[in-house]
Every structure is written in structure tokens, then in C-alpha cells.
Amino acid sequence: ISRAQNTTKQLFNETAQQKSHRLQWWTDARFGMFIHWGLYSEAARHEWVKNRERLTTQQYQKYFDNFDPDHFEPKKWAKEAKAAGMKYAVLTTKHHEGFCLFDSKYTDYKATNTPAHRDLVREFVDAFRAEGIKVGFYYSLLDWHYPDYTIDRNHPQRIDNGDSLAYAKINQGRDMEKYRKYLFNQVRELLTNYGKIDILWLDFSFPGKNGKGHQDWHSKELLKMIRQLQPEIIVDNRLDLNDYSDGYDFETPEQVSAQTLAKYRGKVWETCQTFSGSWGYYRDETSWKTNHQLLDLLISSVSNGGNLILNVGPTARGEFDYRAVSHLDSIAYWMHANNRAIYGCTFAPDSYQVPDGTKLTYNPTTKRLYICLYDIPENGKLKLTGYTGKIKYAQLLNDASELTYTQQGQDLILNMPKVRPPYDIPVVELFLQ
Ligand code: JFZ
């Protein structure tokens with residue numbers, strides 16, 4: 001067997017063990033930052049604005065001409081992400097609008113040709129790497145700018161109630177084969193020109209009538225190229241492939257509620273969530289989640305064995321919105337004291353009963369169990385049923401102060417602090433036998 005063959009075999013017949021080893025930094029990290037940034041940040045009314053308002057490319061042109069992020073300082077972004085405890089960050093190198101934040105040689109529709117005059121992807125990569133944060137690229141499979149990309153039901157120029165014939169007609173002269181070349185070329189650029197890329201987030205497929213799926217993206221070939229260029233990269237599941245054996249790495253439950261995350265236990269997954277509803281900067285949106293909801297999403301993800309990637313939509317000037325900064329600061333405050341309940345953790349073994357008003361996370365390496373206290377029992381006693389004989393030591397996580405306990409038959413009674421710790425959700429750390 002030649003060396004090349006050997007490599008291919010290794011890449012595509014990865015054992016489950018090899019795969020979990022490749023993914024380990026990511027499954028340990030548990031928490032990342034998503035960044036949706038593009039021309040739509042100027043409209044400031046949703047990243048789908050071109051589609052929602054059915055804007056023509058000509059009408060959209062003003063955003064290209066005016067794109068001037070004079071406050072873009074990715075080092076600041078990276079510091080915010082790091083302080084919040086995020087271990088990786090994924091930036092939209094190109095969203096559905098088709099605009100490229102990077103200096104692609106296959107298009108003129110890119111940041112270097114706007115007043116920005118910079119390869120924003122390069123600066124993002126350098127800044128986040130310098131802070132020790134792993135870097136990921138979001139790349140949209142959809143493209144509402146490329147002239148050969150065929151109009152489909154998710155396109156700004158879609159036809160209401162259009163049948164296949166109407167679509168065939170409107171798509172005369174468009175050639176997906178050409179778009180596909182462009183797509184492959186750009187993914188190759190992104191995975192060649194920016195050093196080691198840790199994550200690729202391809203988005204998305206909508207198979208069926210007037211939709212697009214694996215046959216449009218040539219998903220298997222695309223994945224093959226990706227893995228040849230970046231053997232250790234972690235790739236999401238939105239290419240319309242059937243299962244892990246097709247070569248993707250993780251599932252992407254989007255904007256789901258904390259309560260529904262339990263059903264993903266045992267899979268490899270990352271839930272993506274916004275602060276306020278839209279992914280791109282939306283000035284007038286008032287539906288912001290509370291700090292408590294965001295913390296709950298993080299804890300609920302970990303307590304069900306998954307990751308959370310939390311999105312920021314920077315403004316067109318290149319800064320995080322003040323509301324996003326305030327949320328990130330609150331998360332940073334909690335994470336500083338409690339991140340041991342997050343990193344390297346997963347769901348607790350079934351044998352640990354979950355006390356009312358709590359959620360559990362568990363670190364299988366250190367054998368420590370974390371009881372996240374959504375409520376502290378009013379009588380100051382937390383009752384743990386069926387824990388007798390399993391505990392070596394108990395402390396409050398935020399200050400490592402001992403928590404004393406007594407045993408009553410099958411129950412263990414943990415004495416809560418008399419003064420409430422200054423955290424929305426304080427955490428008990430139990431050292432197990
Ligand atoms: C996509 C994008 O359209 C959106 O703008 C954002 O980038 C988000 C992270 O991803 O939205 C989707 C894609 C797929 C599904 C839902 C929303 N889906 O499969 O349910």
C-alpha cells in the first residue's frame with residue numbers, strides 16, 4: 001500500500017475511538033462563540049434581509065459600497081470571548097448574501113474591495129489564535145449573489161407557489177455546475193490560506209421541491225476535499241448527508257429550548273443560540289434572552305452531553321453591541337467561578353438522582369459531580385437520595401468552602417451556605433469515591 005492510500009484509508013475509515021480522540025478538545029470545550037457579520041449588519045434588521053424584503057442585488061449594492069467597519073478590532077472580540085470562557089469561535093466567512101469577508105481570488109464581492117480594504121478573516125484568525133481560542137469558519141452553501149446559483153424556494157427571487165417548470169424557466173442561463181466549482185474553490189482557499197482551521201460550519205441544505213441538497217453541493221466529494229486539506233477539522237451536519245458514517249461530525253440543534261436538549265444525549269452535538277433572535281446585528285430587536293436563560297442553556301447543554309455556541313452579531317462598525325457585551329460580562333463572571341462544572345463535563349450517570357431545582361453535570365475524568373443550584377432549599381438542607389457511600393468530600397465550587405453533610409438512612413443531607421453565594425446559579429462540587 002502506498003502512503004497516499006494509507007492516509008485516505010485512515011481518514012475515511014476512522015474508528016470510533018480515533019474519532020472521539022480527534023473531537024476531544026471540542027467536546028471538552030463545551031462553549032464557543034458564533035459570529036455573524038456581513039453586509040446585512042448595516043441594514044441591522046436580520047441577516048436574511050435580502051431574502052425577506054426580496055431585495056435585488058442592485059438594491060443591496062449600497063451595503064457593499066458603504067461597508068466601513070472602522071472600529072473592527074478582533075483582539076477585543078477575542079478577549080471578550082476568552083473572558084466569557086469560550087474556547088472556540090466560528091466566523092461567517094460568507095453568509096447567504098454571498099459577500100466574502102476574506103480576500104478570495106474567485107470573486108470581487110469581498111471585503112478587500114469595500115471601504116474596509118482588509119481581509120477580515122485573516123485578522124480574525126490571527127487575533128483569536130493569539131488568545132488561544134480555536135478558530136472555525138462558517139461558510140454558506142447558499143449564495144444569493146453568485147449569478148450561476150439557481151433560484152430556489154429560499155432565494156430572494158423565489159416564485160410564490162412556483163412549480164418546477166416556472167423555476168426551470170427563471171433559471172435558464174444559471175448553471176449550478178459553475179457555482180459548485182466556485183464553492184469548492186472557496187472552501188479550498190479557506191482551508192489552505194489561513195493555517196490550521198479547527199472547525200468548518202457549512203450551512204445549510206433544504207432538500208425537496210425547489211430546494212437544494214447533497215446533489216447540489218456534491219457533499220461527499222466536498223467532505224473528502226475538506227478532510228484532505230485539514231485532516232483534524234471538525235465539520236457540522238448541514239450538507240444533507242445521512243449519518244456519521246458519511247463523514248460529518250456533529251449535529252446542530254438550532255435555537256431549541258433547554259428542556260428539549262435531553263433527547264440528544266449520546267450523540268455528538270452543539271446547539272447554536274442567539275442572544276436576541278436574529279444572528280446578524282438587529283438594532284431594534286427587543287426579544288433578548290435574560291442572563292439566566294443563557295446560563296441555563298449552557299448548563300443544560302453540558303448536562304445533556306453537548307456544546308453551546310452562542311452568537312454575537314457585531315455592528316457594521318465592527319463592534320459588539322452593548323447588550324451583547326453586558327451578557328458576555330455576566331457569563332464571564334459566572335464562568336470565572338464555576339467553569340469546572342462546564343469544561344470536560346457531560347451528563348451524570350443515571351444512578352445519581354437529580355434533586356429538585358437542580359441540574360447535574362459530571363466530569364468522568366476527575367469523578368466530580370456538579371449540582372447546579374437553580375433553587376437553594378429554603379430550610380438550608382439539600383437532600384440527596386441514594387448518594388450514601390458515594391461521596392468523599394463536598395464543597396461550594398465558587399470559593400472551595402467545605403459543605404458539611406449528614407447521613408440519614410438512604411439520604412444524604414448537605415448543609416447549604418447561610419449567605420447566598422453571589423451567583424445566579426451557584427454550584428456544589430462533590431468528590432465521588
Ligand atoms: C441558518 C441560517 O439561515 C441562519 O441565518 C443562521 O446562519 C443559522 C445559524 O443557520 O438557519 C437555519 C439553517 C437550518 C435550519 C434552521 C435554520 N434547520 O435545518 O432547521
Side-chain angles (χ1 to χ4, degrees), residues 31-55 60 63 86 88-101 121 124 136-146 149 151-156 158 183 190 199-214 216-217 219 234-243 246 248-257 260-261 263-264 267 269-282 285 287 289 294 297 301 306-314 324:
F31 193 27
M33 174 181 276
F34 221 158
I35 305 173
H36 275 68
W37 197 39
L39 299 182
Y40 46 80
S41 312
E42 288 173 72
R45 51 182 193 273
H46 207 278
E47 76 281 359
W48 276 59
V49 61
K50 190 178 187 188
N51 181 300
R52 284 183 166 192
E53 300 179 13
R54 299 186 165 220
L55 305 175
Y60 209 71
Y63 303 128
M86 293 154 158
Y88 60 96
V90 178
L91 172 70
T92 52
T93 59
K94 179 192 90 169
H95 202 260
H96 309 337
E97 64 179 4
F99 175 69
C100 298
L101 295 181
V121 169
F124 157 79
F137 290 158
Y138 170 108
Y139 182 86
S140 173
L141 298 165
L142 286 69
D143 195 311
W144 300 332
H145 179 267
Y146 200 78
Y149 183 91
I151 293 161
D152 56 39
R153 66 171 195 260
N154 272 323
H155 194 278
R158 68 194 171 280
L183 155 70
L190 286 167
I199 300 163
L200 186 64
W201 225 100
L202 296 166
D203 196 35
F204 66 93
S205 301
F206 41 104
K209 201 177 161 219
N210 304 321
K212 282 188 173 63
H214 64 90
D216 296 286
W217 324 125
S219 298
I234 299 176
V235 187
D236 74 335
N237 71 335
R238 292 190 173 182
L239 316 86
D240 185 34
L241 293 173
N242 290 325
D243 57 68
D246 283 333
Y248 69 76
D249 292 316
F250 67 93
E251 316 220 356
T252 53
E254 170 167 338
Q255 297 275 61
V256 295
S257 73
T260 62
L261 293 172
K263 68 166 181 255
Y264 296 99
K267 296 185 173 186
W269 59 273
E270 170 195 75
T271 180
C272 45
Q273 300 276 343
T274 61
F275 281 127
S276 63
S278 93
W279 300 85
Y281 176 62
Y282 198 138
E285 210 159 39
S287 46
K289 294 181 177 93
L294 296 168
L297 279 167
S301 298
N307 286 20
L308 169 66
I309 186 164
L310 187 55
N311 180 73
V312 182

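Throughout, residue positions are numbered sequentially from 1 according to the sequence presented. A quick note: this is a predicted structure, and the numbers were derived from the prediction, not measured. For ligands, and for the atoms within them, numbers begin at 1 and follow the listed sequence.
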Any atoms of ligand 1 less than 4.0 Å from a non-hydrogen atom of W48? List them with their elements. 2 (C), 3 (O), 4 (C), 5 (O)

Find out whether W144 and H155 are in side-chain contact, i.e. whether some heavy atom of one side chain is under 4.5 Å from a heavy atom of the other. yes

Worked check of ring pair (Phe, Tyr, Trp, His ring centres under 6.0 Å) between H36 and Y138: CA-CA 9 Å; H36 275 68; Y138 170 108; 5.3 Å; yes

Do the non-hydrogen side-chain atoms of T92 and S140 ever get within less than 4.5 Å of each other? no

Using a strict cut-off of 4.0 Å, indicate which atoms of ligand 1 neighbour a heavy atom of R238. 1 (C), 10 (O), 12 (C), 13 (C), 14 (C)

Which of the ligand 1 atoms, numbered from 1, are nearer than 4.0 Å to a heavy atom of Y138: 7 (O)

If the contact criterion is a heavy-atom separation under 4.0 Å, does Q255 count as touching ligand 1? no

Among all protein heavy atoms, pick out the one at the shortest distance from atom 4 (C) of ligand 1; state its residue, atom name and that distance to 0.1 Å. E47 OE2, 3.5 Å

Are Q273 and L310 close enough that some pair of their side-chain heavy atoms sits under 4.5 Å apart? yes

Just checking, K212 and Y149: is the charged tip under 6.0 Å from the six-membered ring centre and within 45° of the axis? yes

Look at atom 18 (N) of ligand 1 and say whether a protein heavy atom is found at less than 4.0 angstrom from it. no

Closest to atom 6 (C) of ligand 1 among protein heavy atoms sits H36 NE2, 3.4 Å

Could an N or O of ligand 1 be found under 3.5 Å from any N or O of W279, whether backbone or side chain? no

Could you identify the single nearest non-hydrogen protein atom to atom 16 (C) of ligand 1 and state the distance to 0.1 Å? E254 OE1, 3.4 Å

Between the side chains of Y60 and E97, is a donor N or O closer than 3.5 angstrom to an acceptor N or O? yes

Hey, are the side chains of F124 and I35 touching, using non-hydrogen atoms and a 4.5 Å cut-off? yes

Ligand 1 to D203, heavy atom cutoff 4.0 Å, flagged ligand atoms 1 (C), 2 (C), 7 (O), 8 (C), 10 (O), 13 (C)

